[in-house]
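What follows is a short report on a single structure.
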2 protein chains.
Amino acid sequence: MNKRKKQVTIYDLATELKVAPSTVSRALKDHSSIGKETIAAVKELARKRGYRTNTMASNLRKQQTTTIGVLVPWINHPFISNLIAGIEAEARAAGYEVIISQSQDSYENEVANARALFSSRIHALIVSLAMETTHYDHITEIIQSGTPVIFVDRIPWEIEGYRVMIDNFSTARVATQHLIDQGCRRIALLGGARNQVIYHERESGYRTALQENGIEIDERLILASGQLGQEEGYRFTRHLFDENLAPDGLFSTMDIAAVGAMKYARSAGICIPEQLAVIGFNDDPVCEIIEPGLSSMSHPATEMGRKALQQALRLANPKKPPPASEVNLATGLVIRASSLRTGH
Amino acid sequence: MNKRKKQVTIYDLATELKVAPSTVSRALKDHSSIGKETIAAVKELARKRGYRTNTMASNLRKQQTTTIGVLVPWINHPFISNLIAGIEAEARAAGYEVIISQSQDSYENEVANARALFSSRIHALIVSLAMETTHYDHITEIIQSGTPVIFVDRIPWEIEGYRVMIDNFSTARVATQHLIDQGCRRIALLGGARNQVIYHERESGYRTALQENGIEIDERLILASGQLGQEEGYRFTRHLFDENLAPDGLFSTMDIAAVGAMKYARSAGICIPEQLAVIGFNDDPVCEIIEPGLSSMSHPATEMGRKALQQALRLANPKKPPPASEVNLATGLVIRASSLRTGH
DNA sequence: TTGTAAGCGTTATCAC
DNA sequence: GTGATAACGCTTACAA
């Protein structure tokens, strides 16, 4: 049906060179027991005939692939695309391919994608969970089959698995402390979905920082949304000022919501940072673009991808030293004009 | 070596049910000639034993994969990640997987990745070329083998292949015309690598618009860079004003360079849009974030991904009607404050 | 409606 | 150093 040209196989090369297929196979991978001349001849002919290893056959025979499965909520989010870029670069360098699938934050999609990846007999799986996900059977199934699974960023509550993360608690604490250091006392929080570990941790870090500084927590200043975006940031901030809760500092657990907050402030004539100091989370490119520059906590997305891949390979290869069950990457406070008050 | 659990095969199911493996194979795909009860029994047991098709074996036997190869310069660029998101969503819905690789704009990487993808016997390939690429042997090789190849966005000059694009010429003409309509007469161009078709086309569109309006082209206002980014945008704009070439309009073929231009204008006290009307290209998220809002030409990245995949599948399946050799998607003028002069 | 058997291209084991 | 051969798990004529 397909008019694809038949590909050259080791049999074709063997016939032409009048040697055995097994010799060709070995020659192509520089097996030590094959004569130098044979190797040269085989490689020369392979090049001339345009021979390409049939990965499917090889994989089937070896009972393993060199494909890394990646399961993320969205490909086209800055953080995730950087994560994937890191995974891909590292994988490629190590001779692996990357197959990606996005759940679009739907549990149903995530399950279907997990099954599809599993059927492809992936070498390892790197997962960041969908917002909706609260059951993990589709993942534990894979773990139990012996396939290495690494969780990144959006990790599950229950499963004891390998993870590559940042310390969301401490990072949020640092962000909040920075606002306090700038003289803020009424600090609002724009939080994400509380059923997600990372947003829960960030909220805890915020609360802890306030307590450590003897600042009473005003629950009315804590706002959360499962869909924290620019619009929510705008709306939440307007709400705070409309209800006479006017904060003097604002920590947003996502940069994009901080942008919304700043947009509102601008429209309402609220000066940043003098009246409202703002800090975000992730250090997305927007932080450099908006005026004033948005302070944020840097998040090593690409590095996280690289690390996750390294962990996955280590886990898949019993010869290598086993990986730590949890890797924490460093974050950093990036101070820009949105939070920097003179005189502090 | 690997402590992976042995996977269940159709043989296991066949033995347990006391039927032939072929029966199991057929039952699993609802073959018409298999008894209803047999099908039910097979599926039930498959579920119970956690059977998963071994895709490698199946592919090897069928001499084809359901894997779509994607070769792009960078995964973590807004335009590309949207493109990939479109490809993935459409592919997944059609039962295909997506394997991605990034050339990082290096010719060498692109060649290596193309070979690797080819060895995986991909069903089809979707390519956006690296900046460096000027030879296309690594791609023509694949086309000649019978594998469908679809070019998107960064297409080659020479190869007669299938492509999914926007009309860069007309889109640039519309952008330039818009500035002219706003009263601009000295319009600068921030262009990309001229060896790339798309940037060449955009420059032509700009020139044509000026000519159509009887505006003389001042070559000193035309600046190009293979690495057009925020910094270049800033630098080019400063150069224009420093050299007393002060333009009253600026068309940047990439949004991010327009952002740089706006940053310079702000630092130099040049009013946008009154003294300098600015328009970009792509309608990236930054356009909404920067102040004033950046006018731009919308680029249907996700749609382009979906379309490219559809074309690829159509091309791979001789039963379907053959695709058009070139698909052009619509772009649109998105007017924001950066180019909107009152009184026009 | 089901079974038999060949073969997809590779690699590992054993023999020479 | 090299060759013969048997898998890997699946699909698909062809046979029954």
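Bear in mind that the values here come from a model prediction, so they are computed numbers and not experimental data. Letters A, B, ... are given to chains in the order of the sequence lines, protein chains preceding strands, and every chain is numbered from 1.
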Original post:
Between A:R52 and B:E141, is there a side-chain N and carboxylate O pair less than 4.0 Å apart?
Top reply: yes
**OP:** For the pair B:K307 and B:E90, find out whether any cationic side-chain nitrogen is under 4.0 Å from an anionic carboxylate oxygen.
**Re:**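 Looking at B:K307 and B:E90, the cut-off is not met.
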Original post:
Do side-chain atoms of B:H31 reach the backbone of B:S33 as a donor and acceptor pair under 3.5 angstrom?
Top reply: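 Side chain of B:H31 to backbone of B:S33: a pair is present.
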**OP:** Search all heavy atoms of B:Y136 against all heavy atoms of B:I159 and return the closest pair with its distance.
**Re:** CB-CD1, 3.3 Å
Of the nucleotides [options], which has the atom closest to the [X] side chain?
| X | options | answer |
| --- | --- | --- |
| A:Y51 | D:dT2, C:dT4, C:dT10 | C:dT10 |
| A:T23 | D:dG3, C:dT10, C:dT4 | D:dG3 |
| A:N54 | C:dT11, C:dT10, D:dT12 | C:dT10 |
| A:L60 | C:dG9, C:dT11, D:dC10 | C:dG9 |

How close or far is atom [atom2] of [N] from atom [atom1] of [X], stated in whole angstroms?
| X | N | atom1 | atom2 | result |
| --- | --- | --- | --- | --- |
| A:Q63 | C:dT11 | CD | C1' | 11 Å |
| A:D30 | D:dG1 | CG | P | 14 Å |
| A:K18 | D:dG3 | NZ | P | 12 Å |
| A:R61 | D:dC10 | CZ | P | 16 Å |
| B:Y11 | C:dT4 | OH | P | 10 Å |
| A:K29 | C:dA12 | NZ | C1' | 11 Å |
| A:L13 | D:dT2 | CG | P | 16 Å |
| A:R26 | D:dG3 | CZ | P | 9 Å |

**OP:** Just grab all the side-chain hydrogen bond (donor to acceptor under 3.5 Å, both in side chains) pairs involving residues 35-46 of chain A, residues at least two apart or on different chains.
**Re:** A:D30-A:K43
**OP:** Describe, in one word, how the ring planes of A:H123 and A:Y96 are oriented to each other, choosing from parallel (under 30°), tilted (30 to 60°) and perpendicular (over 60°).
**Re:** tilted
Original post:
Does anything in residues 33-48 of chain A reach DNA chain C, meaning a heavy atom under 4.0 Å, and if so which residues?
Top reply: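 Those residues: none at all.
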**OP:** Considering just the side-chain nitrogens and oxygens of A:S22, establish if one lies under 4.0 Å of OP1 or OP2 belonging to C:dT11.
**Re:**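 Result: no.
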Subject >> Residue mapping more 5' on DNA chain C - nearest nucleotide basis, A:T9 or B:P21 >> reply: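 First, find each residue's nearest nucleotide; the 5'-ward one identifies B:P21.
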**OP:** Check whether any side-chain heavy atom of A:F79 lies under 4.5 Å from a side-chain heavy atom of A:D153, and answer yes or no.
**Re:** yes
Original post:
With sugar-phosphate meaning primed atoms plus P, OP1 and OP2, does B:S58 contact a base, only sugar-phosphate, or nothing at under 4.0 Å between heavy atoms?
Top reply: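 Sugar-phosphate contact only.
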